[in-house]
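One structure below.
Reminder, nothing fancy here: chain letters follow the sequence lines and each chain counts from 1.
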Protein chains: 2
Amino acid sequence: MPERKPRKDAVRNRAAVLAAADELFARCESPGSVTMADVAAVAGVGKATLFRAFGDRTGLIHALYETRLEPIRTAIEEGPPPLGPDTPPQQRVPALLDAVLCFKIDHRHLALALEGTGGDSPYRAEHYERWHGTLRDLLERVPGFGDGDFTAHALLAATRADLVEHLVGQRHTSRERMRAQLAALTARILAPGN
Amino acid sequence: MPERKPRKDAVRNRAAVLAAADELFARCESPGSVTMADVAAVAGVGKATLFRAFGDRTGLIHALYETRLEPIRTAIEEGPPPLGPDTPPQQRVPALLDAVLCFKIDHRHLALALEGTGGDSPYRAEHYERWHGTLRDLLERVPGFGDGDFTAHALLAATRADLVEHLVGQRHTSRERMRAQLAALTARILAPGN
DNA sequence: ATGAAAACGGACCCTTGGTCCGCATTCTAT
DNA sequence: ATAGAATGCGGACCAAGGGTCCGTTTTCAT
């Protein structure tokens with residue numbers, strides 16, 4: 001009942017801020033060099049607006065990240081195979097990891113900003129919990145696979161934003177090559193030979 | 001010839017700063033909460049001394065890290081098996097990873113500070129290059145193992161400081177359990193069954 | 001139309017990394 | 001021992017950036 005709908009200038013500004021932040025993070029080289037004042041300026045908005053809407057810097061980054069992430073999330077939760085739920089673990093694990101990796105490659109600046117937040121570890125973010133949970137369950141559904149918890153962490157760690165940036169951004173590994181290598185590693189781990 | 005030896009108050013202060021930093025990082029919960037002024041105060045030294053000796057914050061952390069790391073480094077480079085060079089890859093890979101993991105567990109606050117530096121990625125640090133290089137070479141010396149480069153990165157990523165902190169520090173996974181899990185993963189990856 | 005509630009914005013504050021420069025300490029040469 | 005050069009010291013100082021305050025403006029419901 002107390003669902004008061006927000007004022008329209010508020011929603012407009014919120015969108016403007018998200019757009020500005022997205023662009024700024026995508027352009028600049030180190031996420032640290034994007035300042036809140038910059039974002040506010042590009043969005044054509046006062047600094048306070050930005051803090052009122054998102055709480056603080058990490059709040060803004062989280063919100064932006066979550067927004068960009070939504071397509072993948074729904075594709076995983078209710079999409080068609082091989083990403084969706086109606087897929088046997090053996091195929092879904094690599095599919096999921098590939099999706100995560102692609103996302104990280106395409107949005108590596110943003111991911112870098114998120115993981116480099118410093119303060120709180122990336123392991124407490126909801127989306128990480130989601131990915132890790134699904135991955136762990138899938139792994140444990142693979143015959144002969146014991147505890148999937150750590151392996152899930154390890155596989156996700158192979159898609160860490162700064163590693164992606166190092167390989168793809170700095171050392172110019174091609175997107176396809178990196179996907180292939182992660183796929184190979186995944187296959188090796190899933191292989192039945194105890 | 002131009003090897004002018006440093007003044008003794010300089011070396012004393014340098015040591016004091018390293019000790020202070022070590023203690024502060026070990027005690028406080030988030031590395032971000034230990035400030036340069038704090039370190040200087042605990043070391044009983046002016047702030048400028050600290051910057052003169054180490055350049056900047058990351059310089060101090062690097063120096064401290066490298067110091068604590070030296071025993072492991074020499075154990076790897078010229079120690080006895082299973083860590084030293086006279087070990088077949090199949091045993092040396094797990095040994096090396098275990099050593100790295102143990103170090104990260106024991107010095108996780110410090111490692112957290114180092115990796116969370118934000119500015120420059122951890123992948124440019126010399127010690128990372130060293131570890132990755134050795135690991136990659138070892139992997140490629142394993143029969144039937146193709147390109148070890150990415151796998152080396154992935155294995156090291158499983159020992160990332162914030163993951164260690166999450167598992168051991170937050171979720172109270174025992175040290176032995178984590179070692180066992182990393183060992184299991186390593187074994188799985190090394191297993192010959194293509 | 002109108003008044004209250006919500007949002008705005010930019011001046012302002014505060015912490016923190018990093019610098020400057022006059023003073024103290026140490027080393028060297030005699 | 002001592003003078004003087006060189007090196008190092010320290011705390012006041014600066015700049016940048018995250019976050020807040022509050023008088024003003026916009027929106028919304030009646």
Side-chain angles (χ1 to χ4, degrees), chain A residues 1-21 24-25 27-64 112-114 116-120, chain B residues 1-21 24-25 27-65 112-120:
Chain A
M1 164 75 26
E3 272 306 302
R4 246 328 199 320
K5 64 180 169 184
R7 264 166 55 166
K8 71 179 174 196
D9 52 350
V11 306
R12 177 172 28 87
N13 283 337
R14 182 183 175 92
V17 167
L18 283 176
L24 282 182
F25 278 123
R27 287 208 180 337
C28 93
E29 35 206 279
S30 125
S33 66
V34 160
T35 162
M36 295 301 264
D38 291 345
V39 176
V42 169
V45 139
K47 245 179 34 161
T49 297
L50 202 145
F51 282 96
R52 196 172 322 105
F54 300 99
D56 60 3
R57 189 172 211 270
T58 81
L60 168 58
I61 297 175
H62 267 85
L64 185 50
L112 215 45
L114 181 74
T117 302
D120 49 341
Chain B
M1 144 119 359
E3 273 308 300
R4 228 12 181 292
K5 64 181 171 186
R7 268 167 51 170
K8 73 179 173 198
D9 52 351
V11 305
R12 177 174 24 89
N13 283 336
R14 183 183 174 92
V17 167
L18 282 176
L24 283 181
F25 278 123
R27 290 215 177 332
C28 97
E29 35 206 279
S30 122
S33 67
V34 44
T35 163
M36 295 301 264
D38 291 344
V39 176
V42 169
V45 138
K47 248 184 23 164
T49 297
L50 200 145
F51 282 96
R52 197 173 321 104
F54 299 98
D56 59 4
R57 189 171 211 271
T58 79
L60 168 59
I61 298 176
H62 267 85
L64 184 50
Y65 197 79
L112 216 44
L114 181 74
E115 293 178 19
T117 303
D120 50 341

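- Of the candidate nucleotides D:dC21, D:dG11, D:dC9, D:dG11 has the atom lying nearest to any side-chain atom of B:Ala48.
- The nearest whole Å value for the distance from the CZ atom in A:Arg7 to the C1' atom in C:dA7 is 4 Å.
- Of all non-hydrogen atoms in B:Ser33 and B:Cys28, the two that sit nearest each other are OG-SG, 3.1 Å.
- Put simply, B:Thr35 has no side-chain N or O that comes within less than 4.0 Å of OP1 or OP2 on C:dT16.
- Within the 4.5 Å cutoff, no side-chain heavy atoms of B:Phe25 are placed close to those of B:Leu112.
- Every residue two or more places apart in sequence or in another chain was checked for a side-chain hydrogen bond (donor to acceptor under 3.5 Å, both in side chains) with B:Asp38, and none qualifies.
- Among all heavy-atom pairs drawn from A:Val17 and A:Phe54, the shortest one is CG1-CE1, 3.5 Å.
- Between the CG atom of A:Asp9 and the C1' atom of D:dT27 there is a distance of 6 Å, rounded to whole Å.
- Atom CG of A:Leu60 is separated from atom CZ of A:Arg14 by 9.0 Å, given to the nearest 0.5 angstrom.
- When side chains are defined from C-beta on, A:Arg57 does not count as touching A:Phe51, because their heavy atoms never get closer than 4.5 Å.
- Contacts between residues 54-63 of chain B and DNA chain C, defined by a heavy-atom separation under 4.0 Å, are made by B:Asp56, B:Arg57.
- Regarding contacts with the backbone of D:dG8, every side-chain N or O of B:Asn13 stays at 4.0 angstrom or more from both OP1 and OP2.
- Here the P atom of nucleotide D:dT27 and the CZ atom of A:Arg12 are 7 Å apart, to the nearest Å.
- Between C:dG17, D:dT20, C:dG10, one nucleotide has an atom nearer to the side chain of A:Phe51 than all others, and that is D:dT20.
- In this structure, the nucleotide among D:dG19, C:dA7, C:dT19 sitting nearest to the side chain of A:Lys47 is D:dG19.
- The phosphate of D:dG10 (OP1 or OP2) has a side-chain N or O of B:Thr49 nearer than 4.0 angstrom.
- Following rounding to the nearest Å, A:Leu50 (CG) and D:dG17 (P) show an atom-to-atom distance of 15 Å.
- Distance B:Arg14 CZ to C:dT25 C1': 20 Å, rounded to the nearest Å.
- Ranked by how close their nearest DNA chain D nucleotide is to the 5' end, A:Arg52 and A:Val34 are led by A:Val34.
- By the side-chain hydrogen bond (donor to acceptor under 3.5 Å, both in side chains) test, A:Thr58 pairs with A:Asp56, sequence neighbours left out.
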